[in-house]
Amino acid sequence: MDVGDDRSKTFQRLARFLTPNRSGALLQYRSRAGIYDLELALFEPVRQRAIELLRIGSGDTVLDIGCGTGLSLPAIEGLIGTGGSIVGIEQSPEMIGLARARATENGWENLTLISASVEDAEIPIAADAALLHFTHDIMRTPGALANVRRHLKPGARVVAAGLKWAPIRAMPLNLLVWGAALRSTTTLEGLARPWSHLEELISGLMVEEMLGGMVYVASGVVSA
């Protein structure tokens with residue numbers, strides 16, 4: 001094997017580390033499905049703030065992108081009522097299975113769940129809002145964000161929340177960010193500004209920091 005082959009393999013391994021890996025993400029979330037709700041309990045204040053920033057109300061249609069086990073569904077359902085609707089997208093069969101069970105238990109008939117990667121999902125509606133809660137791989141996949149953007153009405157609100165590197169003043173927190181990211185993402189690329197791709201699609205994106213700066217909540221509006 002020559003030096004060129006060695007370099008090629010090195011670049012391939014590096015590329016896998018620097019870009020989201022769908023098969024790797026499936027493995028991660030299949031193994032975490034049973035304990036996912038418990039793992040995310042610490043971040044419930046972040047979820048509450050993100051849903052608050054959606055500014056949704058009765059009759060609205062909402063995209064829950066990377067909906068996982070459906071932890072955001074009760075709060076969204078409570079705001080949109082039976083006249084609204086939700087489309088949840090999740091590629092992990094184990095995770096979306098738990099979301100379906102949650103929906104059945106609560107009798108939500110205005111919910112559509114799509115088991116697919118976000119970039120490939122066939123979204124059946126144009127929505128008033130979209131939530132991306134702790135979906136770093138999706139946030140670093142421009143094709144996925146573009147598909148979401150195509151299915152949002154002008155004026156729709158988009159809110160994304162997730163891990164980020166903490167600022168210098170809170171540098172020790174990055175040990176927590178690093179550990180959590182290794183369990184929940186397939187790439188550390190973009191953790192300084194996870195919202196950078198979304199910023200190119202959404203007008204007036206505003207970013208808040210929470211939990212000492214190791215979590216962000218970004219919100220903006222789809223322009224005409």
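Source: prediction; values computed, not measured.
Not a single ring pair (Phe, Tyr, Trp, His ring centres under 6.0 Å) links Y36 to another residue, sequence neighbours left out.
Nearest heavy-atom pair across A181 and L163 is N-CD1, 3.8 Å. Closest heavy-atom contact between H197 and R140: NE2-NH2, 3.3 Å. Nearest heavy-atom pair across V207 and A218 is CG2-CB, 4.0 Å. Shown here for N174 and A166, the closest heavy-atom pair between the two residues is OD1-N, 2.6 Å. Closest non-hydrogen pair, I114 versus A121, comes out as CG2-CB, 4.2 Å.
Judged purely by atom type and a 3.5 angstrom limit, T141 has no side-chain atom pairing as donor or acceptor with the backbone of A144.
Here E109 contributes atom CD and L111 contributes atom CG; the two are 11.0 Å apart, rounded to the nearest 0.5 Å. From S117, atom OG reaches atom CD1 of I89 across 9.0 Å, with rounding to the nearest 0.5 Å. Taken to the nearest 0.5 Å, the CD1 atom of I138 stands 12.5 Å off from the NE2 atom of H133.
Sequence neighbours left out, not one pair with a member in residues 57-73 passes salt bridge (charged side-chain N to carboxylate O under 4.0 Å, His left out). Sorted by first and then second residue, the pairs that involve residues 38-79 and meet ring pair (Phe, Tyr, Trp, His ring centres under 6.0 Å), not counting sequence neighbours, are F43-F134. Listed by first then second residue, pairs satisfying ring pair (Phe, Tyr, Trp, His ring centres under 6.0 Å) with a partner in residues 200-224 read W195-Y216, not counting sequence neighbours.
Between the side chains of T186 and D137, at least one donor-acceptor pair of N or O atoms lies under 3.5 Å. Remark: the T61 side chain and the S85 side chain contain an N/O donor-acceptor pair separated by less than 3.5 Å.
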**Prompt:** Passes side chain to side chain contact (heavy atoms under 4.5 Å, CB included), L145 versus L132? Steps please.
**Reply:** CA-CA 10 Å; L145 296 179; L132 298 97; 3.9 Å; yes
**Request:** Step by step, work out the side chain to side chain contact (heavy atoms under 4.5 Å, CB included) result for R183 and R32.
**Result:** CA-CA 9 Å; R183 286 185 54 76; R32 295 175 63 203; 3.8 Å; yes
**Request:** Before giving the answer on side chain to side chain contact (heavy atoms under 4.5 Å, CB included), spell out for V222 and I202 the whole-Å C-alpha distance, their side-chain angles and the decisive distance to 0.1 Å.
**Result:** CA-CA 5 Å; V222 173; I202 303 300; 3.7 Å; yes
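Residue-environment remark: CE (M206) stays at or below the threshold of 12 foreign heavy atoms within 6.0 Å. Crowding of I168 atom CD1: a count of heavy atoms from other residues, nucleotides or ligands under 6.0 Å not exceeding 12.
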Could you give the side-chain donor-acceptor pairs of residues 65-78 under 3.5 Å, partners two or more places apart or in another chain?
{"from": "T69", "atom 1": "OG1", "to": "D37", "atom 2": "OD1", "distance (Å)": "2.5"}
{"from": "S72", "atom 1": "OG", "to": "R47", "atom 2": "NH1", "distance (Å)": "2.6"}
{"from": "E77", "atom 1": "OE1", "to": "N110", "atom 2": "ND2", "distance (Å)": "3.1"}

Contacts table for residues 151-160: side-chain donor-acceptor under 3.5 angstrom, sequence neighbours left out:
{"from": "H151", "atom 1": "ND1", "to": "N147", "atom 2": "O", "distance (Å)": "2.8"}
{"from": "H151", "atom 1": "NE2", "to": "I123", "atom 2": "O", "distance (Å)": "3.4"}
{"from": "K153", "atom 1": "NZ", "to": "D128", "atom 2": "OD1", "distance (Å)": "3.1"}
{"from": "R157", "atom 1": "NE", "to": "L53", "atom 2": "O", "distance (Å)": "2.7"}
{"from": "R157", "atom 1": "NH2", "to": "L53", "atom 2": "O", "distance (Å)": "3.3"}

